[in-house]
**Student:** 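Structure incoming, see below.
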Amino acid sequence: MPEELLRKKMASAMIRSTQVYEPAQNIGRFVARMTPPSGERKPAYWFVFDGDKLLIFSNDKAAAVPLAVDPSDLGIRPVRQHYLGYLEDEQLQQINCYGAEITPDTPLPDGMIADGLRQLYSRIGDLMFSLAGRAVQIVTWDRTHQYCGQCGTPTENLARERAKRCPACGLISYPRLSPAIIIAVVRHTEHGDRLLLARNHRFPPGRYSVIAGYVEPGETLEECARREVGEEVGIQIKNIRYFGSQPWPFPNSLMIGFTAEYDGGEFILEEEEIAEAGWFAADSLPGLPPKMSIARKMIDWFTTGSPNANSIVE
Ligand SMILES: [Zn+2]
């Protein structure tokens with residue numbers, strides 16, 4: 001698409017009467033970068049956060065991440081900002097993306113609201129949700145690593161990688177990521193396959209999900225999968241296979257999904273965490289997690305009987 005046409009499309013996407021911008025429809029590929037391109041400044045997507053809440057234009061019809069050359073055009077003055085990279089459409093036109101943060105007492109411009117990412121998922125879609133998840137983790141890391149964790153000296157950003165270095169003691173800190181396994185355990189019975197689902201005390205009433213837990217230092221992902229299933233419901237598993245993964249920015253998890261088969265044992269529930277657990281047939285499932293989650297993709301994999309787990313996530 002010629003640049004002039006793209007500009008017109010962006011301009012027409014702004015609904016002036018309602019102050020809602022609609023993103024161009026044909027953009028898809030995101031390319032992560034550290035340094036913004038030099039030269040002419042074009043409208044960029046600004047993922048601006050007030051704490052963990054994303055600022056969006058919103059009315060009763062639409063919701064959208066703001067598109068602007070500079071946040072001051074929106075009436076916002078961020079305390080910190082980071083270039084994230086760019087979105088590229090099929091004609092290789094690029095739209096830059098930034099993460100930014102405002103202080104909690106900043107008044108929001110007319111037409112803008114701040115809301116949590118979980119609540120916004122269904123309104124802004126997969127692509128904007130994933131970029132917002134990337135942005136919030138980077139600005140949060142920036143805010144919480146202003147000083148060295150070892151000696152307290154103010155840190156400095158490195159130029160060529162997303163990292164901070166202490167000029168006094170040399171300690172380097174990277175954005176924090178907490179890997180967690182999530183596992184769909186299937187039991188073959190004479191009445192058909194059954195999926196292990198459990199209810200955590202923290203879940204909303206009626207909701208069940210697959211087993212998940214954080215990886216411990218020194219542990220392989222497979223060891224973690226066996227340990228979590230053993231600790232939470234007391235059974236053994238076998239044939240652990242990779243399913244897919246999903247960044248989960250609540251606050252900084254990377255969910256690594258596996259499937260496995262039941263290999264023996266009876267339920268012994270970890271009572272502090274698990275309220276109930278059971279084996280469920282595909283046609284009699286309880287309340288399930290929302291579609292945005294890899295947990296739901298794994299449950300859908302079970303219910304559709306897909307032989308190729310990896311294709312579900314790709
Ligand atoms: Zn230091």
**Student:** If only side-chain N and O atoms count, and only distance matters, is there a donor-acceptor pair under 3.5 Å linking E273 with H201?
**Tutor:** no
**Student:** Between W141 and Y174, is the ring pair (Phe, Tyr, Trp, His ring centres under 6.0 Å) condition met? List the steps.
**Tutor:** CA-CA 8 Å; W141 163 73; Y174 296 91; 8.1 Å; no
**Student:** Contact between I76 and L55 at the side-chain level, heavy atoms closer than 4.5 Å - yes or no?
**Tutor:** yes
**Student:** Do F203 and Y208 have side-chain heavy atoms sitting under 4.5 Å apart?
**Tutor:** no
**Student:** Does any part of the side chain of S72, heavy atoms only, come nearer than 4.5 Å to the side chain of R77, both counted from C-beta?
**Tutor:** yes
**Student:** Which heavy atom of R118 sits nearest a heavy atom of M292, and at what distance?
**Tutor:** CA-CE, 4.2 Å
**Student:** Return each pair, listed once, that meets ring pair (Phe, Tyr, Trp, His ring centres under 6.0 Å) where at least one residue sits in residues 101-121; pairs must be two or more places apart or across chains.
**Tutor:** Y121-F129
**Student:** Do the ring planes of W248 and F250 sit parallel (below 30°), tilted (30 to 60°) or perpendicular (above 60°)?
**Tutor:** perpendicular
**Student:** Using side-chain heavy atoms (C-beta onward) and a distance below 4.5 Å, is Q236 in contact with R226?
**Tutor:** no
**Student:** Do F258 and I182 have side chains that get closer than 4.5 Å, going by heavy atoms?
**Tutor:** no
**Student:** Are any non-hydrogen side-chain atoms of I102 and V48 less than 4.5 angstrom apart?
**Tutor:** yes
**Student:** Is it the case that T35 and R160 place a side-chain donor and acceptor less than 3.5 Å from each other?
**Tutor:** no
**Student:** Scan side-chain atoms only and decide if Q137 and N252 contain a donor-acceptor pair under the 3.5 Å cut-off.
**Tutor:** no
**Student:** Step through the shown structure and confirm whether more than 12 heavy atoms of other residues, nucleotides or ligands are within 6.0 Å of CD on E271.
**Tutor:** no
**Student:** Would you call D52 and L117 a side-chain contact if the rule is heavy atoms closer than 4.5 Å?
**Tutor:** no
**Student:** Determine which pairs satisfy ring pair (Phe, Tyr, Trp, His ring centres under 6.0 Å) with at least one residue from residues 71-104, sequence neighbours left out, and list them in order.
**Tutor:** W46-Y98, Y83-Y98
**Student:** Heavy-atom count check: over 12 atoms from other residues, nucleotides or ligands less than 6.0 Å from E161 CD?
**Tutor:** yes
**Student:** Under the side chain to side chain donor-acceptor pair (under 3.5 Å) criterion, do R199 and S209 qualify, and how do the steps go?
**Tutor:** CA-CA 7 Å; R199 234 188 76 64; S209 189; over 6 Å; no
**Student:** Kindly indicate whether the side chain of I181, heavy atoms from C-beta on, has any atom under 4.5 Å from the side chain of E222.
**Tutor:** no
**Student:** Could you verify whether a donor N or O on one side chain and an acceptor N or O on the other, from E228 and Y214, lie under 3.5 Å apart?
**Tutor:** no
